[in-house]
Amino acid sequence: MNTERSAALFAEAQRLLPGGVSSPVRAFRAVGGGPHFISRAAGSRIVDADGNEFIDYVGSWGPLILGHAHPQVVAAVQEAAARGTSYGAPTELEVELARLITAALPSVELVRFVNSGTEATMSALRVARAFTVRDKIIKFEGCYHGHADGLLVKAGSGVATLGLPDSPGVPASYAQHTLVAPYNDLAAVERIFAANPGQIAGVILEPVAANMGVVPPQPGFLEGLRRLTRDQGALFIFDEVITGFRMGWGGAQGLYGITPDLTCLGKVIGGGLPVGAYGGRRDIMELIAPLGPVYQAGTLSGNPLAMSAGIATLRALQSGAVYEQLEGLSARLADGLAAAARAAGVPVTGNRVGSAMTLFFTDRPVTDWASASTADRAAYGRFFRAMLEQGIYLAPSQFEAAFVSLAHTPADIEATVQAAERALPQVRVAS
Ligand code: KE4
């Protein structure tokens, strides 16, 4: 495969950007080789600077549930841009997107738009601390909530990918307020509450973890946390930046029937443009300026382009049996990959919730970071490269998700399974 143009661009990019990228996980450090610079995309396909075409399962890390360059999204953004790109003033568009979000998520009575998932979770923690007048929060090992200081503690995604358990630059005086439990371990959370009575402002988690690879909540885990936080006067914060409108119209909270106090959103609600949002109970969100004293602001928050892309995306998700379509394609892909691994004698564990899935190169169940981290990263790297050579673009990290979009076709899925049948026998897994 000719990658000369990408290689030249990467060399130039490394002279100008740290690691040559705008976000660490894109650098392919976990899988080897240089990143492919993408020049265009449409539907389920991306095309790199050398003209190589791939079936894409990254989908910009989740936002592109409709696929790339969806006509309704492109038209909405073009029309909005022609009327001006940003006003720094309220618009009807943010009212419309807020209407769609609050109708889909009954727990979200008030919502504030921001520009990234990081801003959403950072702001949700601030208002949780203000509301409870407590400083400590509980997060889970392997969950990633963006790069806000207090959340870069035993985080997942790129932090786990690069083996950076915590980040330098976060003052210990701040990180000490972040307490960490293993995912799916309710007893560990009960012990933390018992050891910190009256001090926990909130518990934040991905209701379906997707940043240590996909790890579903075990039965009773979410319900137990809901009961525990309510009993302890702490807020239950769902980070639905990935799961929101991905796991169903009602997100993970709809799928599992849990009512969180606060919800963080991003990705899908922006249709591929920079966006985030946080919202929840009115009595909590009324603390946010200008209504209340908790300050949070943003020059481009609610900007008309992101709002237009988000509205077009959510409206497209309201039509027809889109989630059943995603489920059918995703189940076929997951089953096909598992069968290919069995046929090749390669031990893997496949985790999937809806259209997000991960093939872990380990023979044990993956229910938390400790078990996810037993996966053979080198084997995943070999699998990734063997698939890339065949025109299949997976996440360049064992600890991320593969996303199926509504633009993927049954033929795409079959081509992917057949590529895996050829790739997996080449993957030698460390015994
Ligand atoms: P952003 O600040 O990257 O928009 O969102 C942070 C975030 C918050 N919460 C969850 C559950 C997330 O998954 C993310 C970001 N996801 C990663 C990939 N898993 C973004 C990719 C990247 O960092 O380049």
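Note that these values count all heavy atoms, side chains included, but never hydrogens, waters or copies made by symmetry. Whatever order the structure lists them in is the order used to number ligands and atoms, beginning at 1. We count residues from 1, following the sequence as given.
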K.L.:
Under a 4.0 angstrom heavy-atom cut-off, which atoms of ligand 1 come close to Gly146?
P.N.:
6 (C), 7 (C), 8 (C)
K.L.:
Which word best sums up how the rings of Tyr393 and Phe28 line up, parallel for under 30°, tilted for 30 to 60°, or perpendicular for over 60°?
P.N.:
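Tyr393 and Phe28: tilted rings.
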K.L.:
Measure the distances from the heavy atoms of Ser157 to every atom of ligand 1 and state whether one is below 4.0 angstrom.
P.N.:
yes
K.L.:
List the closest protein heavy-atom neighbour of atom 21 (C) of ligand 1: residue, atom name, distance to the nearest 0.1 Å.
P.N.:
Trp61 CG, 3.8 Å
K.L.:
In the protein, what heavy atom is nearest to atom 1 (P) of ligand 1, and what distance, to one decimal place, separates them?
P.N.:
Gly117 N, 3.5 Å
K.L.:
Quick one: which of Trp369, Tyr144, Phe399 gives a side chain to side chain contact (heavy atoms under 4.5 Å, CB included) with Asn211?
P.N.:
Tyr144
K.L.:
Which atoms of ligand 1 sit under 4.0 Å from any heavy atom of Glu400?
P.N.:
18 (C), 19 (N)
K.L.:
Counting heavy atoms only, which of Asn211, Leu265, Val241 comes nearest to atom 13 (O) of ligand 1?
P.N.:
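Checking each option, the heavy atom nearest atom 13 (O) of ligand 1 is found in Asn211.
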K.L.:
Around atom 22 (C) of ligand 1, find the nearest protein heavy atom and jot down its residue, atom name and distance.
P.N.:
Ser23 OG, 3.3 Å
K.L.:
Quick one about Ser86 and Asn303 (side-chain donor to acceptor, distance below 3.5 Å, no hydrogens or angles considered), yes or no?
P.N.:
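Absent: no donor and acceptor within the cut-off.
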K.L.:
For atom 16 (N) of ligand 1, what's the nearest protein heavy-atom neighbour? Residue, atom name and distance, please.
P.N.:
Lys267 NZ, 3.0 Å
K.L.:
Give the residue, atom name and distance (to 0.1 Å) of the protein heavy atom nearest atom 9 (N) of ligand 1.
P.N.:
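Of every protein heavy atom, Asp239 OD2, 2.7 Å lies nearest to atom 9 (N) of ligand 1.
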K.L.:
Atoms of ligand 1 less than 4.0 Å from Ser116 heavy atoms?
P.N.:
2 (O), 4 (O)
K.L.:
Can you report which non-hydrogen protein atom sits closest to atom 8 (C) of ligand 1, along with the distance?
P.N.:
His145 C, 3.5 Å
K.L.:
Flag yes if more than 12 heavy atoms outside Arg29 fall under 6.0 Å of its CZ atom; otherwise flag no.
P.N.:
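No, CZ of Arg29 has 12 or fewer neighbouring heavy atoms, counting only those of other groups under 6.0 Å.
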K.L.:
Are Phe221 and Tyr183 near enough that their ring centres are under 6.0 Å apart?
P.N.:
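Centroid separation for Phe221 and Tyr183: below 6.0 Å.
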K.L.:
Checking Arg352 against Glu327 for the salt bridge (charged side-chain N to carboxylate O under 4.0 Å, His left out) test, could you report, in this order, the C-alpha distance in whole Å, the side-chain angles of both residues, the deciding distance, and whether it holds?
P.N.:
CA-CA 10 Å; Arg352 176 178 77 89; Glu327 179 60 25; 2.7 Å; yes
K.L.:
Looking only at protein heavy atoms, identify the closest one to atom 10 (C) of ligand 1 and say how far it is in Å.
P.N.:
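Protein heavy atom at minimum distance: Tyr144 O, 3.3 Å.
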K.L.:
Can you find a protein heavy atom under 4.0 Å from atom 3 (O) of ligand 1?
P.N.:
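Not a single protein heavy atom is under 4.0 Å away.
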